[in-house]
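Computed over heavy atoms, backbone and side chain alike; hydrogens, waters and symmetry mates excluded. Please read all numbers here as calculations on a predicted model, not as lab measurements. Here is the naming used below: chain letters follow the sequence lines, and residue numbers restart at 1 for every chain.
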There are 2 protein chains.
Amino acid sequence: MGATKTDHFTERQNQLATLAKAIAHPARIAILDYLIKVDSCICGDIVNELPLAQPTVSQHLKELKNAGLIKGDIEGNAICYCIDENTWKQFQDILNTFFNGYTPKTESCC
Amino acid sequence: MGATKTDHFTERQNQLATLAKAIAHPARIAILDYLIKVDSCICGDIVNELPLAQPTVSQHLKELKNAGLIKGDIEGNAICYCIDENTWKQFQDILNTFFNGYTPKTESCC
DNA sequence: GTATTTTATCGCAATATTACGATATGAATT
DNA sequence: AATTCATATCGTAATATTGCGATAAAATAC
């Protein structure tokens, strides 16, 4: 055991969970924060911005890339990373739909 | 190693990550889906709705409760669970703020 | 060519998460 | 008090995640 039983849930539930997992780490939030802050594609210096070793940052970048949240192109001997506008909007939509799905009842027993 | 280096990130980054982690599992999404669907507090039958054993469901409920997303009161020999309206709205805000923080640039190099 | 710089990958150790059987708890029922 | 029902907790096994040192890969600089 220990492995998530993905088969038993709907595709939407799994997608939402995977999406949440992609941003479920402060380092990955910090990376996205930074990409938003500098307001342009970033070549290099992401490692210097984080309190983590280079291989660890590289791994987090990979996960963000797998999730589709960021994209990166090789540019000389550096990589140009930036937020993937389309996936970003898509994620925003999915989360909004989920959270807007709930409307508080007038009568609640708890 | 293996433990997340929470100390090195801002409180906001950690909060956002923790929040995301709370919904980063299809079973927990499914529980929230169900609570939204039945549109009232639920006493019992959450276990029957999920493809997981009772202790596992109980554990997921506990995590959702820890995150503040749901609240539960003892009601006879059952528990009345429902979505915590306030935390729900708060989470929605935090996520919205995060996702709205990004506005695509006209000139993007990737 | 050899250095230098930057990012990726490998391999491993530490920790966290997921899942569930067994058992405990706690309230209602008989 | 014993039974029943619903949920919680304990203990443990399987798997996943996090982190980093060592090393590789790939481009630039000299």
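- Rounded to the nearest 0.5 angstrom, A/Ile83 CD1 and B/Thr103 OG1 are separated by 9.5 Å.
- A straight line from NE2 of B/His25 to P of D/dT15 spans 14 Å, rounded to a whole angstrom.
- One interatomic measurement links the two molecules: CG of A/Asn66 to P of D/dA16, which rounds to 15 Å at whole-angstrom precision.
- For the atom pair B/Leu16 CG and A/Leu32 CG, the distance stands at 9.0 Å (nearest 0.5 Å).
- Residues B/Leu95 and A/Ile23 form a side-chain contact, since some pair of their non-hydrogen atoms from C-beta on lies under 4.5 Å apart.
- B/His60 has no side-chain polar atom (N or O) that falls below the 4.0 Å cut-off from OP1 or OP2 of C/dT17.
- Ring orientation note: the planes of A/Phe9 and B/His25 are nearly perpendicular, at an angle over 60° on the 30°/60° scale.
- As rounded to whole Å, 17 Å separates atom C1' of D/dT7 from atom CD of B/Glu49.
- The shortest heavy-atom contact between A/Ala22 and A/Leu69 is CB-CD1, 4.4 Å.
- Comparing C/dA19, D/dT18, D/dC20 by their nearest atom to the side chain of A/Leu52 picks out D/dC20.
- A heavy-atom distance below 4.0 Å to DNA chain D is reached by none of the residues of residues 8-15 of chain B.
- Following rounding to the nearest Å, B/Leu64 (CG) and D/dT7 (P) show an atom-to-atom distance of 15 Å.
- Taking every heavy atom of both residues into account, A/Leu50 and A/Ala30 meet most closely at CD2-CB, 3.5 Å.
- A distance of 5.5 Å separates OG1 in A/Thr6 from CG in A/Asn14, rounded to the nearest 0.5 Å.
- Here the P atom of nucleotide D/dA6 and the CD1 atom of B/Ile46 are 13 Å apart, to the nearest Å.
- With values rounded to the nearest 0.5 angstrom, A/Thr10 atom OG1 is found 9.5 Å from A/Gln15 atom CD.
- Phosphate proximity of D/dT17 to A/Lys21: present, with a side-chain N or O under 4.0 Å from OP1 or OP2.
- Rounded to 10°, the helix from C/dG1-D/dC30 to C/dT30-D/dA1 has 10° between the axis fitted to its first five pairs and the one fitted to its last five.
- A distance of 12.5 Å separates CD in B/Gln90 from CD in B/Glu85, rounded to the nearest 0.5 Å.
- In this structure, A/Trp88 and B/Phe98 have tilted ring planes: the angle between them lies in the 30° to 60° band.
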All N/O pairs under 3.5 Å across the protein-nucleotides 8-11 of chain C interface:
| from | atom 1 | to | atom 2 | distance (Å) |
| --- | --- | --- | --- | --- |
| C/dA8 | OP1 | A/Tyr81 | OH | 2.5 |
| C/dA8 | OP2 | A/Ser58 | OG | 2.8 |
| C/dA8 | N7 | A/Gln54 | NE2 | 2.8 |
| C/dA8 | N6 | A/Gln54 | OE1 | 2.9 |

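- A/Thr87 and A/Gly68 make their closest contact through OG1-O, 2.9 Å (heavy atoms, listed as atom of the first residue, atom of the second, distance).
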